[in-house]
There are 2 protein chains.
Amino acid sequence: MAREILYLEIARALRDQLGSEGYGPGQLLPSEGSLASTFGVSRVTVRKALERLTAEGLIDSRQGFGWFVVAVPLRQSLDTLTTIDAQFEAAGRRPERRLLKFSFTRPEPRARAVLGCNSTLLVSRLNLADDEPIGRNSAWVPQDLALDLTRRSVEQHSLHELLGLVLAGATQVVTAVGSSPEDSVLLGISIGTPLLQINRVTRDKRARPVLYSEAVYNPLMTEFVTELPAASIESAGLRVVQGA
Amino acid sequence: MAREILYLEIARALRDQLGSEGYGPGQLLPSEGSLASTFGVSRVTVRKALERLTAEGLIDSRQGFGWFVVAVPLRQSLDTLTTIDAQFEAAGRRPERRLLKFSFTRPEPRARAVLGCNSTLLVSRLNLADDEPIGRNSAWVPQDLALDLTRRSVEQHSLHELLGLVLAGATQVVTAVGSSPEDSVLLGISIGTPLLQINRVTRDKRARPVLYSEAVYNPLMTEFVTELPAASIESAGLRVVQGA
DNA sequence: GTTTGAACTTGTATTGCAGTTGTCTAGTAT
DNA sequence: ATACTAGACAACTGCAATACAAGTTCAAAC
């Protein structure tokens with residue numbers, strides 16, 4: 001019933017192979033020509049599939065040399081549209097994460113209160129689509145969970161993927177704020193422009209907070225959507241701000 | 001005997017298919033042409049159905065590429081949609097609904113695109129807590145469902161209670177906007193102040209939209225909270241704004 | 001050991017065609 | 001006025017086919 005796009009199917013097939021035996025990091029892939037003949041498509045189509053995997057940070061290439069693996073897929077949920085980046089890609093735009101901060105610091109009071117630890121890694125990133133700034137995301141990770149993270153990896157993947165968390169739940173608080181002077185520069189907007197602010201606490205399966213993030217997004221390009229099935233008391237809804 | 005509206009029937013058929021097997025987020029729909037031939041209608045009619053589903057936030061399209069799923073409608077029993085008033089009462093404050101508009105009118109284009117009918121009741125109310133304005137809520141109800149509503153009743157009860165329907169789900173879209181001149185007067189704030197805007201589509205158990213509401217709230221006094229259990233981690237999140 | 005060059009590889013164009021969405025216009029029926 | 005059909009055209013995408021430039025590898029020739 002549903003249509004299929006050839007190069008997306010090939011990208012999916014290759015992605016599956018990368019995770020299987022025999023394809024570790026550094027391994028050379030078959031040439032574009034041989035891939036084209038084995039899949040029975042043209043070289044252009046193979047290249048579009050390879051470029052997609054490059055955007056996902058799985059492979060890379062050198063002219064005259066070939067394509068090689070740089071990482072194996074972390075989680076299988078790459079083809080779903082759970083992250084904004086995946087949605088921008090589906091909409092035919094080129095998402096990018098630009099690293100602003102990557103430092104082991106004492107967390108800000110809010111983050112410290114949530115995570116309950118004094119040494120954290122602060123990762124601050126600017127989200128762009130087609131070189132147009134979309135939003136800023138600042139996240140605090142407890143130091144003991146952040147030792148494997150590198151500057152490269154956090155530019156190409158979401159923290160949820162990198163931390164390999166078995167997500168047991170998250171709480172998101174959405175508010176509207178006026179753009180701060182810093183964010184105005186980053187996002188290319190004037191001070192005071194309404195922004196969508198999302199503060200999220202992610203917990204592991206033992207209900208321990210493992211990630212606290214504060215993000216602001218330009219509401220002209222993003223919106224926050226919730227699907228409500230069975231509304232319990234703690235489900236999505238407005239809440240009174242304490243002390244208001 | 002009212003004539004059946006073709007594109008509404010087609011929209012309903014497609015909406016049912018989206019929830020069924022094989023149609024996860026990111027999946028491509030058949031082309032408009034093939035849909036037109038399978039349903040036995042013209043392409044224009046298919047497009048009207050697709051545009052409706054777009055307004056509901058279920059699908060999106062790219063020129064030359066096709067239509068693809070961005071979210072699958074959730075359908076479960078839902079007996080209590082939490083209201084702001086309940087939250088304020090729980091916080092020990094005195095909520096009040098002040099009626100601004102109560103008129104049978106043609107719905108605005110956005111509401112019309114979602115509800116798919118030309119005659120609706122528009123109920124606009126100002127929400128207050130302890131005589132302090134906190135937000136404005138405008139809701140469109142299809143006329144045939146609104147005949148029992150009175151000015152008195154909508155001031156004292158939520159529309160979800162009054163409609164007496166078995167509501168089975170809702171999709172909420174949250175964005176940040178600057179306060180309009182009208183809302184600034186109502187809420188006692190200056191023009192351009194960031195406000196939290198919540199557009200909600202409420203569906204009955206057959207996943208048919210029965211209520212569309214647009215509300216703005218002062219973020220200083222309210223915030224929007226979503227709890228994400230591990231199972232439905234995809235039910236809430238950022239989404240790309242159409243046409244941004 | 002160096003150099004040369006053939007045979008590979010990727011990078012980057014181009015043309016052409018079919019299929020798809022976006023957007024009109026004209027016309028009919030209820 | 002609204003729902004619907006039929007058709008036409010522009011603009012975009014997917015894909016094949018081809019060509020050429022530029023980098024890498026490797027072995028034969030010097």
Side-chain angles (χ1 to χ4, degrees), chain A residues 1-14 26-55 58-70 88-94 130, chain B residues 1-14 26-55 59-70 105-109 111-113 115-120 142-143 242-244:
Chain A
M1 176 91 178
R3 286 161 52 219
E4 287 179 356
I5 302 295
L6 214 43
Y7 74 88
L8 291 181
E9 291 297 312
I10 293 174
R12 196 159 59 91
L14 290 175
Q27 195 92 71
L28 219 64
L29 270 66
S31 70
E32 297 177 359
S34 68
L35 283 175
S37 61
T38 59
F39 282 109
V41 298
S42 78
R43 221 189 108 206
V44 185
T45 307
V46 170
R47 277 188 66 84
K48 286 201 76 167
L50 292 172
E51 283 164 8
R52 217 186 147 71
L53 297 181
T54 307
L58 298 177
I59 59 178
D60 202 357
S61 67
R62 251 173 48 217
Q63 185 172 7
F65 180 72
W67 292 87
F68 46 91
V69 185
V70 298
F88 272 113
E89 267 187 24
R93 313 185 64 178
R94 187 173 45 81
D130 292 339
Chain B
M1 179 64 183
R3 192 189 61 197
E4 286 184 357
I5 308 285
L6 266 180
Y7 73 89
L8 291 182
E9 293 297 314
I10 293 173
R12 191 163 61 88
L14 290 175
Q27 281 284 315
L28 250 72
L29 272 66
S31 69
E32 296 177 0
S34 69
L35 283 175
S37 62
T38 60
F39 282 110
V41 298
S42 77
R43 222 189 106 207
V44 183
T45 307
V46 169
R47 278 188 66 84
K48 288 195 75 169
L50 292 172
E51 282 161 9
R52 249 182 80 77
L53 297 181
T54 306
I59 59 178
D60 199 1
S61 68
R62 245 168 68 206
Q63 183 172 3
F65 182 75
W67 292 87
F68 49 91
V69 185
V70 298
T105 56
R106 288 173 51 87
E108 289 190 14
R112 188 167 166 278
L115 297 176
C117 66
N118 289 322
S119 50
T120 58
Q143 189 169 21
Q242 313 287 340

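In what follows, chains carry the letters A, B, and so on, assigned in the order in which the sequence lines appear, proteins first and then strands, with residues in each chain numbered from 1.
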Under 4.0 Å protein heavy-atom contacts per nucleotide of nucleotides 19-28 of chain D, with B for base, S for backbone only and - for none: B-BBBSS---
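- The separation between B:Arg106 atom CZ and D:dA1 atom P is 10 Å, rounded to whole Å.
- B:Arg112 approaches B:Arg52 most closely through the heavy-atom pair O-NH1, 4.4 Å.
- The distance from atom CD of B:Glu9 to atom P of D:dA3 is 14 Å, rounded to the nearest whole Å.
- Annotation for B:Leu53 and B:Leu14: closest pair CD1-CB, 3.7 Å, computed over non-hydrogen atoms.
- Closest to the B:Ser61 side chain, of the nucleotides C:dG22, C:dG11, D:dC4, is C:dG22.
- Between C:dT21 and B:Trp67, a contact under 4.0 Å exists linking OP1 or OP2 to a side-chain N or O.
- For B:Leu6, the listed nucleotide lying nearest its side chain is D:dC4; candidates were D:dC4, C:dG11, D:dG14.
- Scanning all heavy atoms of the two residues, the minimum distance from B:Ala49 to B:Ile10 falls at CB-CG2, 3.8 Å.
- Atom CG of B:Leu35 and atom P of C:dT21 are 8 Å apart (whole Å).
- Salt bridge status for A:Lys48 with A:Glu51: absent, with no side-chain N to carboxylate O gap under 4.0 Å.
- Listed here is the closest heavy atom pair of A:Arg3 and B:Phe65: NH2-O, 2.7 Å.
- To the nearest 0.5 Å, atom CG of residue A:Leu28 and atom CH2 of residue A:Trp67 are 11.5 Å apart.
- Phosphate contact (OP1/OP2 of D:dA3, side-chain N/O of B:Lys48, threshold under 4.0 Å): present.
- Taking atom CG of B:Leu50 as the reference point, atom P of C:dT20 lies 14 Å away to the nearest angstrom.
- Among the nucleotides D:dT5, D:dC15, C:dG22, the one closest to any side-chain atom of B:Val41 is D:dT5.
- Between the CG atom of B:Asp60 and the C1' atom of C:dG22 there is a distance of 14 Å, rounded to whole Å.
- One atom, CD of A:Glu32, and another, C1' of D:dT18, lie 15 Å apart when rounded to the nearest Å.
- To the nearest angstrom, P of C:dA18 lies 18 Å from CD1 of A:Ile5.
- Of the candidates C:dG22, D:dT5, C:dT10, C:dG22 carries the atom nearest the B:Arg47 side chain, counting heavy atoms from C-beta on.
- Closest contact between the side chain of B:Thr45 and the listed nucleotides D:dG14, D:dC4, D:dA3 involves D:dC4.
- In this structure, the side chain of B:Ser119 does not engage the main chain of B:Arg106 through any donor-acceptor pair within 3.5 Å.
- Distance B:Glu51 CD to D:dA3 C1': 14 Å, rounded to the nearest Å.
- Residue B:Tyr7 places at least one side-chain N or O closer than 4.0 Å to OP1 or OP2 of D:dA3.
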